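Read the structure below first, then the notes.
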Amino acid sequence: MNPENARIPKNFIRENVQPIKTTMKMKNVIITSFILALVLSSCADKNQAPTAPPPPVLPVLAITSANTTTDSEYPAAIQGTVDVEIRPQVSGNLDRIFVDEGSYVSKGQTLFKINERPYREQLNNALASLHAAEAALINANLEVDKLTPLVQNKVVSDYQLKTAKASQKIAAANIEQAKAMVGSAKINLGYTNVTAPVSGYIGRLPKKQGSLVSASDVEALTTLSDVHEVFAYFSLGETDFIHFKEQYAGNSLGDKIKKLPPVTLILADNSAYPKTGKIDMVDGQFDKTTGAITIRATFPNANGILRSGNTGRIRLGLNHDDAILVPQAATIEMQDKVFVFTVGKDNKVTKMPITVVGKSGTNYLIKDGVKSGDQIVMSGIDKLQDGQAIQPEKSTKVAEVTNKK
């Protein structure tokens, strides 16, 4: 035993150790109570259910049917009413070019001049042959006139007169042949002066002055387009063509064409051509390769805005009775499919695929998926989930679904 502890009285140890033990027990009780309170509080928080947020308030539109017109666009190729290649009919050097690229020319105006000297000499040679043939006919006539009385008086035999008459017919035939040669020479000489067959605009001029040209050349001297009116050619598939024919009354396709409404040409910059056109031709048969039929619309072009080779789109309006239209803003597109959210009686939404067959203004023309009387969510659809509940709000925005015929 430590000598220092031996000096502490035993009564002192008993009197002071007992209070220390009591104090430690009280501290343990307090700590235990605090921990128990924390555990009970945690359990109480877990058992308490969280408060669910209220369903979103979204505008809802009731779908109705209406008569409307949908616009379909088809790629179109534009040509002048006359697109002609200007080619030389005779060979020779190109002496003169009287026009410039892109210039407007009138019918009969001289465009090119080919060296005419060889062809003028051919004409002179043909005329000389004609004169010689005419002289030969005169001699033949004289011979017949001379022999006729001699035969009548039996001075010479009849054989000589028949030979003279045969020579007379040969001389007459030679004259006709010479006249044909003269006419051919005049035609060739005229071909050296190349004129415009119609009024219109000149295209590119690949041949320059001094070039050797020939009727067998692959490349033309130029092209000439009459574009006071233009043709816009576009194609319809079989289904579209059947629907197209069913739109209008008439016993024949010709009768239906007469009753077709005007069509609009959309230019390359997406602007509409100021003049409307008229469909005036439907091809006689479908293309076996594409399965489409060609249709032609004619547009006035007095100001020459359109040229051959332009492209565009024909906007064709088709009438629909009792059509179901859905605003495009109320749809969502996913994986090449279009969906709307319909609202059920329990205010829960259902993601419904729809079949779009056309457009009318800002609305889709619907074939399948929804019907008249169904309610659809107008906005906020990008955050909706299938089966989610909403609080419908009747939309004050009415879709512009009716277009008068």
Side-chain angles (χ1 to χ4, degrees), residues 68-85 99-106 196 198-205 220 222-237 239-241 243-245 247-248 256-283 286-287 289-320 325 328-329 333 356-365 400 403-405:
T68 188
T69 300
T70 58
D71 291 330
S72 298
E73 295 183 356
Y74 302 91
I78 298 173
Q79 296 181 9
T81 53
V82 177
D83 284 332
V84 60
E85 291 183 337
V99 292
D100 197 4
E101 296 175 337
S103 60
Y104 181 83
V105 297
S106 301
V198 295
S199 298
Y201 292 92
I202 294 292
R204 295 291 304 276
L205 299 174
T222 189
T223 56
L224 180 60
S225 299
D226 181 5
V227 291
H228 75 282
E229 286 185 336
V230 295
F231 295 144
Y233 292 93
F234 63 101
S235 299
L236 294 182
T239 302
D240 287 344
F241 184 64
H243 193 193
F244 172 76
K245 290 194 299 182
Q247 290 289 308
Y248 309 101
K256 294 178 182 291
I257 289 177
K258 294 178 181 178
K259 299 177 182 179
L260 294 178
V263 294
T264 302
L265 176 63
I266 306 301
L267 303 177
D269 62 352
N270 292 323
S271 64
Y273 182 63
K275 301 290 185 179
T276 57
K278 178 68 175 175
I279 293 176
D280 56 5
M281 188 280 292
V282 177
D283 201 351
F286 280 85
D287 189 310
T289 304
T290 62
I293 192 168
T294 300
I295 298 178
R296 185 184 74 190
T298 302
F299 290 84
N301 189 38
N303 296 328
I305 297 175
L306 301 176
R307 300 293 179 92
S308 290
N310 276 145
T311 59
R313 303 187 306 277
I314 291 294
R315 180 176 291 169
L316 188 63
L318 298 177
N319 297 325
H320 302 272
L325 295 183
Q328 296 181 38
E333 188 172 349
V356 178
V357 294
K359 292 182 181 180
S360 178
T362 59
N363 302 295
Y364 282 136
L365 176 65
E400 298 176 356
N403 291 328
K404 295 183 178 180
K405 295 181 180 179

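No experiment lies behind these values; they were computed from the predicted model shown.
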So which atom in [X] and which in [Y] form the shortest heavy-atom distance, rounded to 0.1 Å?
{"X": "Arg313", "Y": "Glu73", "value": "NE-OE1, 2.7 Å"}
{"X": "Tyr201", "Y": "Gly102", "value": "CD2-O, 3.7 Å"}
{"X": "Gly80", "Y": "Val227", "value": "CA-CG1, 3.9 Å"}
{"X": "Ala220", "Y": "Glu85", "value": "CB-CB, 4.0 Å"}
{"X": "Val105", "Y": "Val99", "value": "CG1-CG1, 3.7 Å"}
{"X": "Gly200", "Y": "Leu224", "value": "C-CD1, 3.6 Å"}

Within the 4.5 Å heavy-atom criterion, are Leu267 and Leu306 side-chain neighbours or not?
yes
Would you give the length of the straight line joining atom [atom1] of [X] to atom [atom2] of [Y], rounded to the nearest 0.5 angstrom?
{"X": "Lys278", "Y": "Glu229", "atom1": "NZ", "atom2": "CD", "answer": "13.5 Å"}
{"X": "Asp226", "Y": "Thr81", "atom1": "CG", "atom2": "OG1", "answer": "3.5 Å"}
{"X": "Thr223", "Y": "Glu101", "atom1": "OG1", "atom2": "CD", "answer": "9.5 Å"}
{"X": "Asn303", "Y": "His228", "atom1": "CG", "atom2": "NE2", "answer": "13.5 Å"}
{"X": "Ile279", "Y": "Phe234", "atom1": "CD1", "atom2": "CZ", "answer": "4.0 Å"}
{"X": "Ile266", "Y": "Thr311", "atom1": "CD1", "atom2": "OG1", "answer": "12.5 Å"}

Checking side-chain contact (heavy atoms from CB on, under 4.5 Å) for the pair Thr264/Tyr273: CA distance, chi angles, key distance, verdict?
CA-CA 7 Å; Thr264 302; Tyr273 182 63; over 6 Å; no
Is it true that a side-chain atom of Asp269 and a backbone atom of Ser271 form a donor plus acceptor pair closer than 3.5 Å?
yes
Got a donor-acceptor contact below 3.5 angstrom from the Thr222 side chain to the Leu205 backbone?
no
Could you walk me through whether Ile314 and Phe299 satisfy the side-chain contact (heavy atoms from CB on, under 4.5 Å) test, starting with their C-alpha distance in whole Å, then the side-chain angles of each, then the deciding distance to 0.1 Å, before giving a yes or no?
CA-CA 11 Å; Ile314 291 294; Phe299 290 84; 3.8 Å; yes
Check step by step if side-chain contact (heavy atoms from CB on, under 4.5 Å) holds for Tyr74 and Ile295.
CA-CA 11 Å; Tyr74 302 91; Ile295 298 178; over 6 Å; no
Is the number of heavy atoms from other residues, nucleotides or ligands under 6.0 Å of Lys275 NZ greater than 12?
no
Evaluation steps, side-chain contact (heavy atoms from CB on, under 4.5 Å), between Thr294 and Asp287
CA-CA 8 Å; Thr294 300; Asp287 189 310; over 6 Å; no
Stepwise side chain to side chain donor-acceptor pair (under 3.5 Å) test for Arg307 and Asn301:
CA-CA 9 Å; Arg307 300 293 179 92; Asn301 189 38; over 6 Å; no
